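This is a predicted model, so every value here is computed, not measured.
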Amino acid sequence: MDTPLTTIAVVGLGTMGTGIAEVLARAGREVVGIDISEAAARQAVASLEASTARSVARERITEQERRDILARFRTFSDLQAAADAELVIEVVPETYEIKQQVFRELDAVVSPAAILATGTNALSVTRLAAESQRPERVLGLHFFNPAPAMKLVEVVSSVLTAPPAVESVTRLARELGKEPVAVGDRPGFVADGLLFGYLNQAAAMYEANYASREDIDAAMKLGCGLPMGPLALLDLIGIDTARTVLEAMYTASHDRLHAPAPVLGQLSEAGLTGRKAGRGFYTYDAPGGQTVVPDALTPAESAGAATGRRVSSAGVAGSGTMASGIAEVFAKAGYAVVLAARSQEKADTAKARIAKSLGRSVAKGRLTEEARDETLARITPAGSLDSFADVDLAVEAVAEDLEVKRQLFQTLDKVCKPGAVLATTTSSLPVVAVARVTSRPEDVIGMHFFNPAPAMKLVEVVRTVLTADDVHATVREVCVKVRKHPVDCGDRAGFIVNALLFPYLNNAIKMVEEHYATLDDIDAAMKLGGGYPMGPFELLDVVGLDVSLAIEKVLHSEFRDPGLAPAPLLEHLVAAGCLGRKTGRGFREYARR
């Protein structure tokens, strides 16, 4: 039986070290907190006192339990205090020099049976272990911030780590109420390895002036259900920390997607490292503050902006789920809607789908029967685009095929009245390519809804270099009227959401290809460590592997970055007909209904 871990030392009492110490003390462990700064030690004690006081006030623990927790946490300024610890967790600054010095000193202090854990998320555990006199007892134990709240703990083994040491800390993590995930030693491990590549791409997107910081963050929150946008998250993590992690990842991978965006270096060198400095991508009310305050980059209320065209009716072309959803959204907002399909039968079927959707809303008490009937009455199904003759806004939601869309827009150009706005819902094709087949490219714009359209709040508004200002203003005004949040972006592959989402999904597939981690561990890591509503493989199977592959091919073709090349495993699964939930098998198998 390996050594029981009852006395644990935490070296470094910053935010993370303090959080880990709290988790351990609450779980009944004797905790030795060590920091060369007496102020940091006092702050750690004060933090635990405040946290436990809140728990008493909320009746989660008793006053006696609080006193017991506080008594289990003792602070010191010398590593000698770790002499009796069965486990030492270091969370000192993220440099080899400092961590190696800590490990060398600990070698002379702790017992031969003690386990030494590093909290690094960017440095090589193997390199740190090799410097120790007991490399078989060295491993990584990567908590996530804030440690008391976040469930994920990555347990990192090097080629030198002894299995009993891994078993001991894995058991401890479970006893702490955490979800341990076993990973190998590579920069970023699983969660940060995927997360920081995504954050880097968002920083590069902002640096290229492709979209505003507010629109990038809103797009990822509303389009993917993430708790924070990527630029706000970079400010929270620390821009200097993110740069360090990315540099370590790039050194190991040589993948250009991991090469830190220059803006990260520029902000770091200027001392604009995020919330802790009071300014990063955003400006905050004070160093360490959480409240964003207006600055020179904050969007102003657009005085003198273009006035939109009058829209009282909309045409929706298509008969699938997206077309039905968009028609429902417009009709609920009071617009007269023409829903046109390739035949009257398909159009009637699409309207029947909307009736079912509205019926579910009535059953859940979200809609009255009267409102349902009024909404349905506003929708006119039609078997031809000729019915769009009088609409003010035409939105196509047909197959994601450029030639199909070109032909449809040629028809809209002939059918729709002068001044009508023509919008495409494409998620990956160039909007200008459909605009150019019309005689009025200035009237054409992208209006990318997300599925299911009635529920998802985001619309990416995609201007081409030819789109008129009043057309752009019209679509933004319509978005607000149908209770959607518009974000502006230029006409390039993936727009905001897919351009950031699909490289992340592709990198997750590469992790599995390399046998670095399992599907389940990667999904768990991103849900528990990144706050994602779904793990990458759950999401891929829902979206459809064929759809995902098509988008990744478009991204690779446009940006020509080798790191964006679709993972071979994805291509093999699509070739085998394993497309996800819709076929009963993708990355996982599903019960047939």
### Query
Tell me, which pairs form a ring-ring contact (aromatic ring centres under 6.0 Å, His included) where one or both residues lie in residues 259-289, sequence neighbours left out?
Tyr206-Phe281

### Message
Please tell me whether Thr298 and Arg213 have a donor and an acceptor in their side chains that are separated by less than 3.5 angstrom.
### Response
yes

#### Entry: Aromatic ring pairing Phe495/His448, orientation class (parallel under 30°, perpendicular over 60°, tilted between)
tilted

### Query
When you check the side-chain N and O atoms of Thr464 and Asp491, is any donor under 3.5 Å from an acceptor?
no

### Carboxylate-amine/guanidinium contact Asp392 Lys417, below 4.0 Å
yes

### Query
So, are Lys481 and Glu477 salt-bridged, with charged N and O less than 4.0 Å apart?
no

### Task
Could you walk me through whether Lys582 and Asp546 pass the salt bridge (Lys or Arg N to Asp or Glu O under 4.0 Å) test, one step at a time?
CA-CA 11 Å; Lys582 58 189 174 186; Asp546 52 340; 2.8 Å; yes

### Test log, rule side-chain contact (heavy atoms from CB on, under 4.5 Å), inputs Val482 and Tyr335
CA-CA 9 Å; Val482 299; Tyr335 289 100; 3.8 Å; yes

### Task
Answer yes or no: are there more than 12 heavy-atom neighbours, outside Asp561 itself, under 6.0 Å from its atom CG?
yes

#### Entry: Atom CZ of Arg476: over 12 foreign heavy atoms under 6.0 Å
yes

### Query
Is the shortest distance from a Lys or Arg side-chain nitrogen in Lys405 or Glu396 to a carboxylate oxygen in the other one below 4.0 Å?
yes

### Task
Can you establish whether the number of heavy atoms outside Glu345 located under 6.0 Å from its atom CD is more than 12?
no

### Query
Would you find more than 12 non-hydrogen atoms of other residues, nucleotides or ligands less than 6.0 Å from Glu403 atom CD?
yes

### Message
Looking at Lys510, I'd like to know if its NZ atom is crowded, meaning that more than 12 non-hydrogen atoms belonging to other residues, nucleotides or ligands lie closer than 6.0 Å.
### Response
yes

### Task
Decide yes or no for Glu558 and Pro430: does some side-chain heavy atom of the first lie under 4.5 Å from some side-chain heavy atom of the second?
no

### Message
Set out, in order, the CA-CA distance, both residues' side-chain angles and the distance that settles side chain to side chain donor-acceptor pair (under 3.5 Å) for Thr273 and Asp240, then state yes or no.
### Response
CA-CA 6 Å; Thr273 53; Asp240 51 341; 4.6 Å; no

